[in-house]
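Whatever order the structure lists them in is the order used to number ligands and atoms, beginning at 1.
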Amino acid sequence: MLVTLIGRVRFWRFIESLIHIVMVGVLLVAVALVYTDRSTTVYELALVSSFAILLASWYLVGMTIRKDLAQAMNQIEYKTRQEFDSLYERSPIAYLTIDMKGNVLRANPASAHTFSDTLTDIISRNFFDFIDIERVENNDSILRGKVAAGLTVTDLELPVTTIKGEARWVLVNVFATRHPDERLISVTDVTDQRAVDTAKSEFVALATHQLRTPIAAIRWNVELLMRSMRESKTEKQDRYLVKINRNVLRMLNLINDFLSVSQLEMGTYTAERESVNFAEYLGGIMEEFEEKVTTKQLAVSLVIEPENFNVAIDRRLFHIISSNLLSNAVKYTPEGGTVNVSARANGGTLYYSVADTGIGIPKSEQENLFKKFFRASNAQQKVTEGTGLGLFVVKQSVEILGGTLTLESEENKGTTFHVELPNIVK
Ligand code: ADP
């Protein structure tokens with residue numbers, strides 16, 4: 001509606017200017033006729049004047065319409081402003097208006113509830129001072145940069161300390177406003193939600209940890225049974241034992257996934273770096289997949305550049321990263337396909353990638369890939385086994401190591417995951 005009105009006002013302004021020019025032109029012609037050509041008749045002068053009068057009246061009508069439109073526009077703007085102000089004041093969500101340096105210019109009553117008792121306390125503050133720098137994962141400079149650049153920030157979870165000294169977690173969104181030097185911030189308190197999530201993660205961690213011991217015992221005993229019955233077992237017994245073994249392994253993998261997720265989510269995982277020879281270490285991880293690679297007749301290549309270098313790495317985290325990426329490449333590549341693994345050390349950074357010629361990931365679903373329990377539609381159809389937790393854990397592990405994880409993928413062509421880990425090559 002507003003856009004249409006603005007369009008109409010612009011149109012009338014254009015018409016007005018046009019009429020202006022034509023009118024002046026016509027009047028000049030009339031004057032020129034009178035002074036230069038004495039034979040000009042009264043009839044001709046009347047014709048020119050009436051044309052000028054017609055244009056003038058058209059001009060006046062246009063001006064009135066334009067004035068009406070501008071008035072209507074002002075009214076709409078006023079109403080919108082009123083609605084916005086009322087939303088701002090009454091919303092249960094905390095809203096703060098800040099300048100580009102983070103100084104709070106205005107705040108709504110809900111923000112008093114989140115950060116302190118009174119609004120005046122907040123207005124004299126800088127928003128960034130509320131952020132608890134010690135608990136924030138990637139420090140607050142990215143947020144500061146985005147605010148200063150006028151970029152939108154969506155659903156950023158931040159630890160804050162209120163004016164009363166309480167530690168809370170908030171979900172922050174930053175929007176541009178009509179004023180180029182101001183930003184609007186919405187703040188939702190998610191402290192309770194996080195506490196519930198932590199309690200859930202703690203329970204899962206405890207339960208899976210307790211389950212691991214009896215399952216490991218079952219696995220060990222099945223292997224013993226298989227070995228002791230090697231000569232005597234019938235074909236049927238062998239089939240049963242193989243099935244039990246496979247399912248115990250699946251259960252163990254699931255439990256390990258759950259355990260990693262809960263530990264990473266709780267933030268209780270502390271990375272411990274130790275120096276390892278990268279080629280040897282990666283070779284060991286790749287051996288875990290030999291059986292599946294052989295069964296599916298996949299061509300696997302490994303390129304390490306340079307051949308020999310050491311990395312200071314948390315063994316478990318890197319195992320999570322590489323084994324999940326490799327296991328997915330093997331799982332989602334049909335028989336006879338290719339898996340190429342490459343690792344390159346350059347200036348302290350390790351560039352690690354796993355590429356396959358598998359089923360790929362539909363473009364429209366790629367943005368959800370690192371979310372917990374997400375499985376792409378084609379994977380669900382073609383490979384029934386999977387939890388959708390692997391990539392979530394990979395992403396968290398890469399982030400704990402200060403790195404980045406990206407992917408390139410095309411459906412039915414293949415997928416490449418790129419991991420970049422800075423400051424680990426020694
Ligand atoms: P899952 O247990 O389902 O393999 P992941 O978290 O490891 O869970 O992966 C999430 C989803 O990402 C998979 O279900 C699949 O849709 C997609 N995916 C991951 N790796 C690949 C790959 N190499 N090729 C095709 N799809 C993949």
Side-chain angles (χ1 to χ4, degrees), residues 201 204 208 215 246-265 269 282 285-286 288-293 295-303 316-343 351-401 403-420:
S201 299
V204 175
T208 46
I215 287 173
R246 196 169 52 228
N247 281 298
V248 169
L249 260 178
R250 272 174 65 184
M251 206 139 65
L252 210 56
N253 285 340
L254 269 175
I255 283 174
N256 283 337
D257 271 2
F258 285 140
L259 193 60
S260 311
V261 170
S262 51
Q263 283 184 337
L264 293 171
E265 268 192 332
Y269 191 90
L282 186 62
I285 299 173
M286 288 182 71
E288 294 171 23
F289 300 94
E290 254 174 28
E291 199 188 315
K292 274 192 188 156
V293 166
T295 319
K296 289 184 89 173
Q297 295 177 318
L298 300 175
V300 177
S301 77
L302 170 64
V303 178
R316 189 161 157 220
L317 285 185
F318 192 76
H319 186 270
I320 289 176
I321 297 169
S322 54
S323 66
N324 273 294
L325 294 183
L326 279 169
S327 131
N328 280 348
V330 172
K331 186 160 72 174
Y332 295 112
T333 303
E335 279 188 18
T338 307
V339 175
N340 295 322
V341 181
S342 104
Y351 300 88
Y352 175 73
S353 69
V354 179
D356 64 56
T357 55
I359 61 170
I361 301 152
K363 283 266 176 301
S364 60
E365 299 181 35
Q366 289 178 10
E367 62 182 299
N368 296 318
L369 218 58
F370 302 114
K371 288 183 184 159
K372 245 190 298 178
F373 302 113
F374 180 81
R375 301 199 70 218
S377 51
N378 59 340
Q380 290 188 42
Q381 279 163 12
K382 291 177 182 154
V383 186
T384 45
E385 203 177 292
T387 57
L389 288 173
L391 285 183
F392 173 78
V393 189
V394 171
K395 176 104 173 133
Q396 302 263 327
S397 306
V398 169
E399 279 172 4
I400 291 181
L401 293 172
T404 52
L405 171 68
T406 49
L407 84 143
E408 294 164 69
S409 184
E410 205 173 318
E411 209 175 346
N412 299 321
K413 289 237 166 102
T415 304
T416 305
F417 282 96
H418 300 279
V419 178
E420 204 176 307

- Task: Only heavy atoms count here, so choose which of Asn328, Thr415, Asp356, Val330 is nearest to atom 20 (N) of ligand 1.
- Result: Asn328
- Message: So, regarding Gly390 and ligand 1 (criterion: nitrogen or oxygen to nitrogen or oxygen, under 3.5 Å), is there a contact or not?
- Response: yes
- Over 12 non-hydrogen atoms of neighbours within 6.0 angstrom of NZ in Lys382: yes
- Query: Which word best sums up how the rings of Phe373 and Phe258 line up, parallel for under 30°, tilted for 30 to 60°, or perpendicular for over 60°?
  - Reply: tilted
- Task: For Leu389, take its heavy atoms, then give the atoms of ligand 1 lying under 4.0 Å from any of them.
- Result: 6 (O), 8 (O)
- Task: Output yes when the distance from some N or O of ligand 1 to some N or O of Glu385 is under 3.5 Å, and no in every other case.
- Result: no
- Message: Using side-chain heavy atoms (C-beta onward) and a distance below 4.5 Å, is Tyr332 in contact with Asp356?
- Response: no
- Note on the structure: The answer for which part of Gln380 has a heavy atom under 4.0 Å from ligand 1 is neither
- Taking Ser262 for its side chain and Leu259 for its backbone only, find out whether a donor-acceptor pair lies under 3.5 Å. yes
- Task: Report yes or no: does Ser397 contribute a side-chain atom to a donor-acceptor pair with the main-chain N or O of Ile321 at less than 3.5 Å?
- Result: no
- Item | Candidate pair Ser323 and Phe289, rule side-chain contact (heavy atoms from CB on, under 4.5 Å), full reasoning | CA-CA 9 Å; Ser323 66; Phe289 300 94; 4.0 Å; yes
- Note on the structure: Looking only at non-hydrogen atoms, the one of Ala376, Ala329, Pro362 nearest atom 16 (O) of ligand 1 is Ala376
- Task: Might you work through the side-chain contact (heavy atoms from CB on, under 4.5 Å) test for Ile361 and Glu411, ending with a clear yes or no?
- Result: CA-CA 5 Å; Ile361 301 152; Glu411 209 175 346; over 6 Å; no
- Query: For ligand 1, which atoms, with element, lie under 4.0 Å from some heavy atom of Phe417?
  - Reply: 20 (N)
- The closest protein heavy-atom partner of atom 3 (O) of ligand 1 is Arg375 NE, 2.6 Å
- ligand 1 to Leu369 polar contact by distance, N or O atoms, under 3.5 Å: no
- Query: Which residue supplies the protein heavy atom nearest to atom 5 (P) of ligand 1, what is that atom called, and how far is it?
  - Reply: Leu391 N, 3.6 Å
- Closest to atom 26 (N) of ligand 1 among protein heavy atoms sits Ile361 CG1, 3.3 Å
- Message: Under 4.0 Å from a heavy atom of Lys331: which atoms of ligand 1 are those, numbered in the order shown and with their elements?
- Response: 1 (P), 2 (O), 4 (O)
- Take Thr295 and Val330 through the side-chain contact (heavy atoms from CB on, under 4.5 Å) test and state the conclusion after the steps. CA-CA 10 Å; Thr295 319; Val330 172; over 6 Å; no
- Query: Hey, is Phe374 touching ligand 1 through its side chain, its backbone, both or neither, going by heavy atoms under 4.0 Å?
  - Reply: backbone
- Look at atom 13 (C) of ligand 1 and say which protein heavy atom is nearest, naming residue and atom and giving the distance to 0.1 Å. Tyr332 OH, 3.4 Å
- Of the protein's non-hydrogen atoms, which lies at the shortest distance from atom 2 (O) of ligand 1, and what is that distance? Thr387 N, 2.8 Å
- Query: What's the verdict on side-chain contact (heavy atoms from CB on, under 4.5 Å) for Thr387 and Phe392, showing C-alpha distance, side-chain angles and the deciding distance?
  - Reply: CA-CA 10 Å; Thr387 57; Phe392 173 78; over 6 Å; no
- Query: Are the side chain of Lys296 and the backbone of Thr333 linked by a donor-acceptor contact shorter than 3.5 Å?
  - Reply: yes
- Query: Any side-chain heavy-atom pair from Leu325 and Leu391 closer than 4.5 angstrom?
  - Reply: yes
- Message: Looking only at protein heavy atoms, which one is nearest to atom 15 (C) of ligand 1, and what is the separation?
- Response: Ala379 CB, 3.6 Å
- Query: So is Gly360 in contact with ligand 1, going by heavy-atom distances below 4.0 Å?
  - Reply: yes
